Protein chains: 2
Amino acid sequence: MGSFFKITEGIVAVSRSLADGRRQIVGIHPPGDCVGYLEINGNYLFQGEALTDVGACAFDRRKFDLFALRNPDVAASVSETLASRLEKAGHQMTVIGQFKAIERVADFLSKIEKLYGARGLPTKPLTLHIRRGEIADHLGLTIETVSRCFSKLKKRNVIALIESDSVVLLDPERLAEIGQVEQ
Amino acid sequence: MGSFFKITEGIVAVSRSLADGRRQIVGIHPPGDCVGYLEINGNYLFQGEALTDVGACAFDRRKFDLFALRNPDVAASVSETLASRLEKAGHQMTVIGQFKAIERVADFLSKIEKLYGARGLPTKPLTLHIRRGEIADHLGLTIETVSRCFSKLKKRNVIALIESDSVVLLDPERLAEIGQVEQ
DNA sequence: CGTTAGATTGAGGGGATTCAAAATTGGTGG
DNA sequence: CCACCAATTTTGAATCCCCTCAATCTAACG
C-alpha cells in the first residue's frame with residue numbers, strides 16, 4: 001500500500017471484480033507501464049494480477065507526489081499518461097458497448113499486437129500471455145464465445161494458431177477492418 | 001480548437017461515433033465539469049453534444065498548460081481530476097461489460113441522481129436531461145431495451161415516471177441493489 | 001385538429017450464453 | 001520418450017436475453 005509500480009518485466013492485468021464473481025479487466029499492461037497509481041487513502045481502486053512472472057519497480061506514492069510538485073515536467077508527464085489512459089478507456093468502452101463479439105476479438109488482437117510491438121515484445125508469432133478467460137473478461141464475453149471467434153478468424157485465414165497462447169496475424173489489415181480499428 | 005471548456009450551465013454528453021452510425025456516450029457532464037480537454041494537436045478525441053442549452057467558459061489550452069507548469073497545485077488538481085475520470089471509466093466499463101440490461105439502467109439512475117445531487121441539481125423529481133436513445137448509447141443497449149427496463153422498474157415500484165424525462169426514485173436502496181452500486 | 005418526435009409495447013429472430021462433452025495442451029514422473 | 005493427469009480450449013446443442021422490426025401511444029406544437 002502507498003506505492004505504485006512501474007513494470008519492468010511481464011504482463012499485468014488491471015481489473016475490477018463484483019461480489020458474484022464477475023469481473024472486468026480494464027487494462028492490460030506490458031513492461032514500461034505503471035500500475036497501482038489509482039488509490040484513495042491507501043486503498044487501490046482496482047485489482048492487479050500478474051499474467052506472467054512480473055518484475056516491477058515500486059515508487060512511494062507520497063514521495064513521488066511531492067517530487068512532482070517540485071518538478072512541473074514530471075507533473076505534466078503524469079497528466080499526459082493519465083490522459084492517454086482515459087482515451088484508451090473511452091475506446092475500450094466503445095468496443096464493449098457497441099461491437100459484436102468477433103469485432104471485439106479482432107480489435108483486441110490488433111491492439112495487443114500494436115501494444116506489444118511498441119514495447120519490443122515479439123509479434124511474429126504473437127504470444128498473448130493472456131488466456132481465453134481473461135480475454136473474455138476484458139471484452140465482456142464468455143470463454144466459449146472468444147474461442148469460437150478465434151476459430152472463425154482461423155477459418156477465414158485471418159489468423160493462425162501456433163499454440164493456444166500464440167497467434168500469427170496472417171492478414172492484419174483484414175483484422176483491423178473487422179475490428180474497425182482506425183489506422 | 002485549442003480550447004477546453006468548463007460547463008457553467010446545462011448537460012453535455014461526450015461520445016465517440018463509428019463510421020456506421022453506432023456511438024458510445026462515454027461521459028455525461030453537469031455544470032462544474034470540464035470537457036474538451038483530451039486532444040492531440042488541435043483535434044479533439046471525442047465529440048461533445050449539448051443535451052440541453054449549455055453555458056460554458058472557454059480556456060485556451062496552451063495558456064492553461066503554461067499556467068499549470070508554474071502552479072504545481074493546479075497541475076496536481078488536473079491529475080486528480082483525470083484520475084477520478086479514469087476510475088469512473090473503469091466502473092462504466094464494468095457496467096457495460098458485465099451487467100445485464102436492467103442492472104445497467106438501475107446503475108445509471110443511481111449514478112445520475114448522485115451526480116446531479118452533488119451539483120445541486122433537483123433530484124425530486126429527477127430530471128434526466130437525456131433521452132432514451134442517449135441512455136441506450138451510454139449503456140450499450142437499444143432504445144427499446146432501455147424503455148422496457150424503465151417499465152419493469154416502474155412495475156416493481158422502484159421508480160415512478162412523471163414525464164418521460166422526469167423520474168422519481170421511490171426506492172433508491174432497491175435501485176442501488178439492482179445496480180450493484182456500492183455505497 | 002393534424003403533425004411530428006419520442007416513448008412504449010408486442011412479436012419474432014438472432015447472437016451470445018449456458019450447460020455439457022470432447023479435444024488439446026502442458027506438466028510430471030516412470 | 002511416452003504414459004498419465006490436470007488444466008485449458010474447442011465444439012455442440014439448447015436456452016435466453018437483447019435486438020430488430022413494426023405498430024401504438026403520448027405529448028408538444030403550429
Side-chain angles (χ1 to χ4, degrees), chain A residues 13 18 20-25 49 51-53 95-109 125-156 159-168 178, chain B residues 13 18 20-25 49 51-53 95-109 125-156 159-168 178:
Chain A
L18 302 176
D20 59 12
R22 289 180 284 182
R23 76 170 172 176
Q24 178 68 36
I25 292 178
E49 302 165 60
L51 298 181
T52 64
D53 288 346
V95 169
I96 301 173
Q98 306 298 327
F99 281 21
K100 299 200 177 304
I102 195 154
E103 297 172 334
R104 297 187 209 184
V105 171
D107 173 87
F108 168 77
L109 289 171
L126 179 64
T127 304
L128 301 176
H129 296 121
I130 166 174
R131 293 191 292 274
R132 297 289 181 275
E134 287 147 351
I135 297 174
D137 285 349
H138 184 46
L139 299 179
L141 300 169
T142 60
I143 293 179
E144 295 93 330
T145 300
V146 172
S147 178
R148 275 184 250 269
C149 289
F150 270 85
S151 298
K152 277 184 196 170
L153 292 172
K154 197 172 62 175
K155 192 173 291 179
R156 296 187 200 172
I159 65 170
L161 284 174
I162 309 299
E163 312 166 45
S164 68
D165 190 33
S166 187
V167 187
V168 177
I178 298 174
Chain B
L18 302 176
D20 58 11
R22 290 180 282 181
R23 75 169 172 177
Q24 178 68 35
I25 292 179
E49 302 165 60
L51 298 182
T52 63
D53 287 346
V95 168
I96 301 173
Q98 306 298 327
F99 282 21
K100 300 202 174 305
I102 195 153
E103 297 173 332
R104 297 187 208 184
V105 172
D107 173 87
F108 167 78
L109 288 172
L126 178 64
T127 304
L128 300 175
H129 298 300
I130 167 176
R131 294 191 292 273
R132 297 290 181 273
E134 287 146 353
I135 297 175
D137 285 348
H138 184 46
L139 299 178
L141 300 169
T142 60
I143 294 179
E144 296 92 329
T145 300
V146 171
S147 180
R148 276 183 251 268
C149 288
F150 270 85
S151 297
K152 277 184 195 170
L153 292 171
K154 197 170 65 174
K155 193 173 289 178
R156 296 187 199 172
I159 65 170
L161 284 175
I162 308 301
E163 312 167 45
S164 68
D165 189 34
S166 186
V167 186
V168 177
I178 298 173

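Convention: sequence-line order gives letters A, B, ...; per-chain numbering from 1. Not measured: the values here are computed from a predicted model.
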Supply the atom-to-atom distance B/Thr145 OG1 to B/Arg132 CZ, rounded to the nearest 0.5 angstrom.
13.0 Å
When the distance from CD of B/Glu134 to P of C/dG6 is rounded to whole Å, what number comes out?
9 Å
Looking at C/dG6, D/dC19, D/dT10, which one has an atom nearest to any side-chain atom of B/Thr145?
D/dC19
Would you indicate, yes or no, if D/dT9 has its OP1 or OP2 atom less than 4.0 angstrom from a side-chain nitrogen or oxygen of A/Ser147?
no
Look at the side chain of B/Ala101 and decide which nucleotide, out of C/dA16, C/dG6, D/dC18, has an atom nearest to it.
D/dC18
D/dT10 C1' sits how many Å from A/Arg131 CZ, rounded?
16 Å
C/dG6 phosphate, OP1 or OP2: any side-chain N/O from B/Ser164 under 4.0 angstrom?
no
Send over the distance from A/Lys155 NZ to D/dT10 P, rounded to a whole Å.
13 Å
Rounded to whole Å, the CD1-P distance (B/Ile162 to C/dA7) equals 16 Å
Quick check on DNA chain C: between A/Asp165 and B/Leu161, whose nearest nucleotide comes earlier from the 5' end?
B/Leu161
At 4.0 Å (heavy atoms only), tell me whether A/Glu144 reaches a base, stays on the sugar-phosphate, or touches nothing.
base
Closest-nucleotide mapping onto DNA chain D: is A/Lys154 or B/Arg104 further toward the 5' terminus? I mean the 5' end.
A/Lys154
Distance (rounded to the nearest 0.5 Å) between B/Ile135 CD1 and B/Phe108 CZ
4.0 Å
Given C/dA16, is OP1 or OP2 found less than 4.0 Å from the side-chain N or O atoms of A/Thr142?
no
d(CD1, B/Ile143; P, C/dT9) in whole Å:
15 Å
What's the CG-C1' distance between B/Leu128 and C/dG6, to the nearest Å?
14 Å
Spacing of CD1 belonging to B/Ile130 relative to OG1 belonging to B/Thr52, to within rounding of 0.5 Å
11.0 Å
Remember a base hit wins even if backbone is also touched, and classify B/Ile135 as base, sugar-phosphate or nothing at under 4.0 Å, heavy atoms.
nothing
d(B/Leu128 CG, B/Glu134 CD) to nearest 0.5 Å is 10.5 Å
Respond yes when some side-chain nitrogen or oxygen of B/Arg148 is under 4.0 Å from OP1 or OP2 of D/dC18, and no when none is.
no
Please confirm whether the shortest side-chain N or O distance from A/Ser151 to OP1 or OP2 of D/dT11 is below 4.0 Å.
yes
With distance as the sole test, does B/Asp165 use its side chain to make a donor-acceptor pair with the main-chain N or O of B/His129 at under 3.5 Å?
yes
If you find the nucleotide of DNA chain D closest to A/Lys100 and the one closest to A/Arg132, which residue's nucleotide is nearer the 5' end?
A/Arg132
